[in-house]
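Counting convention: from 1, in listed order, for ligands and their atoms alike. These numbers come from the heavy atoms of this one structure, side chains and all, not from hydrogens, waters or symmetry mates.
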Amino acid sequence: MKFYIETFGCQMNDRDSLIMTQILEQAGYGQGAGILDADVIVINTCSIRGKAEQKAYSLIGSLRKHKLANPATILIVTGCVAQQEGAAMVSRMGHVDMVLGPQAIYGLIDHLETVKGTGESLILTDQSKKFAIPPFLPDIHHSTPHKRFVTIMQGCNNFCTYCIVPFTRGREVSRSPADIIAEVQHLISLGVKEITLLGQNVNSYGLDQPADSRTSFPQLLREVAAIEGLMRLRFTTSNAKDLSPELMDCFRDLDNLCLHFHLPMQSGSNEILERMNRKYTVADYLVLVDGLRTVAPDISITTDVIVGFPNETDADFMGTMALMEQVRYDSAFSFIYSNRPPALSCDFADDISKEEKSRRLALFQKRQREITVEQHQRFIGREFDLMIEGESKMGHGQWSGRSTHNIIVNFHSGVQYKPGDMVRVVVTEGLMNSLRAELIES
Ligand code: 5AD
Ligand code: SF4
């Protein structure tokens, strides 16, 4: 029996796909060469923005004929669209056999047994019961061998008004420090060099546990950083509203904690931030940026921005442009606001035209590209330790590595490296998506 998993969305979904791959392989399934070659097809969906959801639906729709011609094929939809749609998915897409929310994937083999040969659809999206993320010891042969993501928590309690995540991933659930540490130790024993701790809102790690026995996120970072053999440690994503001084101190104290902070601003207007329910102001945000740059002057700060939030005025948007100018991000992900029912902002009045929103996005992105290049040029003449990612797309003798700032650096060398090897280079050029450098030491 063969399976095939198509994954959309964030690292949380990548990891869920990895877990399903391992569960299926342990039950004796093999990876199919392509989607039409598989007995079990999993479409792991994302619904963060309208476009992601449309992509998932169009792939599921395109499998209708294949399923009709091959009724024994089991088509499973997982991820955030599955959680959000539940039974509605099957009303719209009658050829889907199973709709599994993120908490239901661990029982995949049992669910396959339940559904096989029945012709009935199985819908498992109830998130009302208490849920704990099961322990997971990954195999190594999947995805990148030298760096891995380790989930520390899932879900979100913040209810930013534009966001679907609290509805798709449920309330915050933290894993135990012991499970997390066991997983990191296991990965290191398999040769992994870099770990990224993953959660929708890592700064609230542990807050769902009783106060007398909880470990805070900064404490967890210290415990993980101390694991022998861990060369690089990263984490994502943080909400500015609860970024603590203790977390900032980690950048001063932990040598293997990488100098990169992804700190979504979303907007540079206090009014919009309030309507987004972000619980910080532009001034609060700037204090955090200053704090981070005080403990770690070289830290790379990146962000997420939404333009065209309902009734965002020109002045609000100018606030976003001004904040970008002031912080000088190394890079930014920017999106046009899209309605994600049942998120609260879907009911907000919005008089701003699509064209105006696109104009604002283009303006933002154009200026950010210029700033990115300028920021990258600040590194010229500096020496970096790079972790090798692999051969660069540019071909012969060109290698790509990542700096502690999470920036791609390309250089030339006749040496044959493995992903995860470390080299020392000096930066010679700052470009839009990368840096160029010369090798000092292999
Ligand atoms: N519309 C546009 N962008 C969104 N994001 C989240 N929800 C929406 C939405 N409804 C963006 C935010 C978030 C990133 C992952 O996606 O900027 O930080
Ligand atoms: Fe997409 Fe958010 Fe779900 Fe990740 S958690 S797959 S970003 S909707």
Below a 4.0 angstrom heavy-atom separation, can you tell me which part of F335, side chain or backbone, both or neither, approaches ligand 1?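 The answer is the side chain of F335.
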Under-4.0 Å heavy-atom contact with ligand 1, by part of N339 that carries it: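 It is neither part, as no heavy atom is under 4.0 Å.
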For ligand 1, which atoms, with element, lie under 4.0 Å from some heavy atom of [X]?
X: Q266; result: 12 (C), 13 (C), 17 (O), 18 (O)
X: Y337; result: 1 (N), 2 (C)
X: D304; result: 13 (C), 14 (C), 15 (C), 17 (O), 18 (O)
X: I48; result: 6 (C), 7 (N), 8 (C), 16 (O)
X: R340; result: 10 (N)

Answer yes when [X] and [Y] have at least one side-chain N-carboxylate O distance shorter than 4.0 Å, and no when they do not.
X: D298; Y: R293; result: no
X: R378; Y: D330; result: yes
X: E370; Y: K366; result: yes
X: D97; Y: K67; result: yes

Under 3.5 Å, is there a donor-acceptor pair between the Y162 and Q266 side chains?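 Indeed, the side chains of Y162 and Q266 share at least one donor-acceptor pair under 3.5 Å.
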If you apply the rule side chain to side chain donor-acceptor pair (under 3.5 Å), what do you find for N410 with S400, and how did you get there? CA-CA 5 Å; N410 295 309; S400 280; 2.4 Å; yes
Please state whether I164 comes within less than 4.0 angstrom of ligand 1, counting heavy atoms only.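 Contact check I164 vs ligand 1: negative.
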